[in-house]
Amino acid sequence: MLEIKLPDGTIVSHPDDATPLSVAEKIGSRLAKAVIAAKIGDLIVDATRPLKSFANGAPIPLRLLTEKDPEALDVLRHSSAHVMARAIMRIYPNVSLAFGPTITNGFYYDFDLPQKLNEDDFAKIEAEMAKIIELAEPFEQFSLDRTQSVELCRDMKQTLKVEHIETGLASHESLGFYRQGEFVDLCRGPHIPDAGRIKAFKVMSIAGAYWKGDADGLQLQRVYGTAWFSPKDMQAHLEQVEEAKKRDHRVIGKRLGLFQISSEVGPGMCLWLPKGARIRSLLEDFLRKEMLKRGYEPVYSPHLGRVELYETSGHFPYYRDSQFPPLFVNDGGALVDGWIRRLESKEGLPAAHEQAFMQAAEVLGCEIKEYKVEQSVAERTAVLQAWQRLHERYLVKPMNCPHHAQIFKAMPRSYKQLPLRLFEFGTVYRFEQTGELNGMLRVRGLTQDDAHIFCTQDQVEQEFRNTIELTRMVLESVGLKDYRVQLSLRDPKSDKYVGSEENWQKAEAALRRVLEESGLNFQAAEGEAAFYGPKADFMVRDCIGRQWQLGTVQLDYNLPERFQLEYIGSDNKTHRPVMIHRAPFGSMERFVGMLTEHFAGAFPMWLAPEQVRICPLSEKSNDYALELEKQFLDAGFRVTVDLRGAKVQAKIRDAQVELIPYMAVVGPREAETRSIALRDRIEGELGTKPVAEVLSMLAEEVNQRRIRFAVQKETTEPEQPKVAETESHEY
RNA sequence: GCUGCUGUAGCUCAGUGGUAGAGCACUUCCUUGGUAAGGAAGAGGUCAUGGGUUCAAGUCCCAUCAGCAGCUCCA
């Protein structure tokens, strides 16, 4: 007999061949029908899995999973992936299966198949799935040893599965399979008892994916689907997907006229339209003011820097592929650049090409006399590099740090000047792959709210504390209160890190201490540090539950070394400072894009590009409306008057659609009493108030940076908790 | 960068190889009103670009560019 412990603590005895299903049957036949799977401890298993294998002396902790358990939905979706794979195999010959896991809100399956699927095929696939589901055949588990498994997969012509068994699963002695009708798949499970449990499903989309994530490897077709226990649930989900789409900053940005990406300017190049620029400048002004309070000093630096500057910093040519190519003042610059790269390439430079290079140099008027073909590759490269150093080459700056390091070096520094905090809203350019570009969230030209703090090792802790405080203050000022910090530390086993052991230890301990005393939710991630120093990244959750990596603080032992930065200490000796990179917003583009989605375009009063729309009842009231506009402008508000010959209903509708926080409706009555019939975008009519009262009430909302949401936050389960975008603007 | 899809008016989109369409926005006129759309008229197009097939191409084919989704990448 098996001893089984139920969730309420009772222990029941069952025969040795008991399964979760048989246990459920003992409790009641309705429960048995509802069982989807079971949980033994933390392990989710099939409802038909014999419990005996989990016996270890103590009573087996068993929990039956029904439709109500979130874990059951995952099981359902994984089974749905099998059903979809089965359907696709029926429709198309020569399908090779890859992996078919569940994801948030659904599942996918990767296939290698000769014909290209497209959306028109979905109906066919869904129809075939429906047939399979209707038959409600059971999922049957069985295990085979390695040899048998490979044989079975070979027989079924599942070459990817064979490969996976031989590589990824090399350490497994026995392998699990599931059979459902004619369909057999290598699978760990668990599965629903039978396909009839799938009550709602839909093939969602198709996309490319790589076998085992290798971009150079085989490209597969990935079919996404979703599955639910009821059509109603699925409907709700599909509506929510629509809702999330409506928050898309690209859609809202266009509708509200915030920004534009014009393909004529270039992909990934963002044009800030007046309203978007308004929001950005409000954020910049706010942060600038806070930084000035905290002892930062503004600096400016040009958008270009000599290539040598980035050679010193180590960014060139290391990140060459994601930088815009260098600008050459001399016609031969690009030629010599390509020449060197071919000389240094694995394939080497064929003699014929070398002759062509030399001729081209002559044509361009930059013949390099010292260059001799009989010299070694190293010597020839050196000659070309010597030429390069004599001719100007510039890089559009991919980061601001080298410039700021030069500002530090502009004069001898004393310990008395430290910490030196230099800040700049610095625009940088990165040549991101075209497929990575995404609205404002991933662009090729971006402005970092960048600062570099140069300090002594002993000042690191206090500077880090101040930076954390600033970042929190910034996030909370826009209503982002749900965030955690990832503290990235060294991998103790690796020796790739620059900087002394002692400094690393001190720095890591200091960062940890600050985070602990801050009471922030943080987690340390060993081995995630950059080679040049530990860092702390802020992971922020927006109002619909998506996670964003925003602000970052990074310690750097590398650049001070490379740029030979030094200061004179109290001991009259030279010392090397520590550099701290930090950016509370990350980049203005990304932050405003994120905020647009967070607020769904309805920016709070302190950030709204237009705060008040004055709506005169008719043209008779236009004069009073214009008078009011002046009063609002004088009081510092962003206000416009709707002077159109339209009805007030239309004016209000337009203001609502434009998400303007307040509307001032004025007619003869208000003009008479010097008052305003105030309307709140969220609450509706607030009644008629004297002008002075409205001005002070709205000013208060601005000064307090009050955040008000129209709908209750998180009314539904967070959509897509997959990390929404994890771009980091690291240095 | 890879795979797939898409590209028609400012926006959202119809469009069957045979004369380029709608709604909203815009302009003008009428209307002068009380909290989410008053009415009428007008203007607006090299159907992304370049080739090709065809008597005939927005429509079919190819290439390029751009956008979207996913993958890979992100100092």
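Atom set for the values below is all heavy atoms of this structure, side chains included, hydrogens, waters and symmetry mates excluded. Computed from a prediction, not measured in an experiment: that's the story for all the values here. The chains referred to below are lettered A, B, ... by the order of the sequence lines, with proteins before strands, and numbering in each begins at 1.
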Under the rule of Watson-Crick or G-U wobble with both distances under 3.5 Å, where | means paired to another strand and [ ] a crossing pair, RNA chain B maps to (((((((..((((....[..)))).(((((.......))))).....(((((..]....))))))))))))....
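Seen from the ring of A/Phe107, A/Arg77 does not count as a face-on cation partner, given the 6.0 Å and 45° thresholds.
Following rounding to the nearest Å, A/Arg255 (CZ) and B/C24 (C1') show an atom-to-atom distance of 13 Å. As rounded to whole Å, 12 Å separates atom C1' of B/C5 from atom CD of A/Gln221. Rounded to whole Å, the distance from CG on A/Leu643 to P on B/U27 is 13 Å. Rounded to a whole Å, the CD1 atom of A/Ile261 is 8 Å from the P atom of B/G67.
Atom name C1', nucleotides B/C13 and B/C47: the rounded distance is 14 Å, in whole Å. With C1' as the reference atom, B/U12 and B/U49 are 24 Å apart, rounded to whole Å. Nucleotides B/A37 and B/U19 are separated by 35 Å at their C1' atoms, to the nearest Å.
Side-chain N/O atoms of A/Arg442 and base N/O atoms of B/C74 include a donor-acceptor pair closer than 3.5 Å. Interface remark: the A/Tyr210 side chain does form a donor-acceptor pair with the B/G1 base, using a distance-only criterion of under 3.5 Å.
Taking for each of A/Leu220 and A/Tyr429 the nucleotide of RNA chain B with the nearest heavy atom, the 5'-most of the two is the partner of A/Leu220. Along RNA chain B, the nucleotide nearest A/Gly266 and the nucleotide nearest A/Gly435 are compared for position; the residue whose nucleotide lies closer to the 5' end is A/Gly435.
In this structure, a donor-acceptor pair under 3.5 Å is absent between the side chains of A/Thr688 and A/Ser675.
Contacts of A/Tyr108 with the nucleic acid, taken as non-hydrogen atoms under 4.0 Å apart, are absent. No contact: A/Ser205 has no heavy atom under 4.0 Å from any strand. Counting any heavy atom pair closer than 4.0 Å across all strands shown, A/Gln323 reaches a base atom.
Residue pairs meeting the ring pair (Phe, Tyr, Trp, His ring centres under 6.0 Å) criterion with at least one member in residues 427-446 of chain A, sequence neighbours excluded: A/Phe324-A/Phe431.
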Could you walk me through whether A/Glu701 and A/Arg708 pass the salt bridge (charged side-chain N to carboxylate O under 4.0 Å, His left out) check?
CA-CA 10 Å; A/Glu701 182 166 344; A/Arg708 301 184 297 138; 3.2 Å; yes
Yes or no on ring pair (Phe, Tyr, Trp, His ring centres under 6.0 Å) for A/Trp548 and A/Phe538, after CA distance, side-chain angles and deciding distance?
CA-CA 8 Å; A/Trp548 305 76; A/Phe538 278 75; over 10 Å; no
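With respect to A/Arg613 and A/Asp654, no salt bridge is recorded, no charged nitrogen being found less than 4.0 Å from a carboxylate O.
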How would you summarise protein contacts on nucleotides 33-41 of chain B per nucleotide, using B for base, S for sugar-phosphate only and - for none, with heavy-atom distances below 4.0 Å?
BBBBBB---
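Between A/Phe423 and A/Phe425, the two ring planes are perpendicular [angle over 60°; tilted spans 30° to 60°]. Note on ring orientation: taking the six-membered ring where Trp is involved, the planes of A/Tyr532 and A/His581 are tilted (angle from 30° to 60°). Between A/His452 and A/His404, the two ring planes are perpendicular [angle over 60°; tilted spans 30° to 60°].
Among the nucleotides B/G70, B/C74, B/U72, the one closest to any side-chain atom of A/Glu436 is B/U72.
Note on A/Arg250: a side-chain N or O is less than 4.0 Å away from OP1 or OP2 of B/C68.
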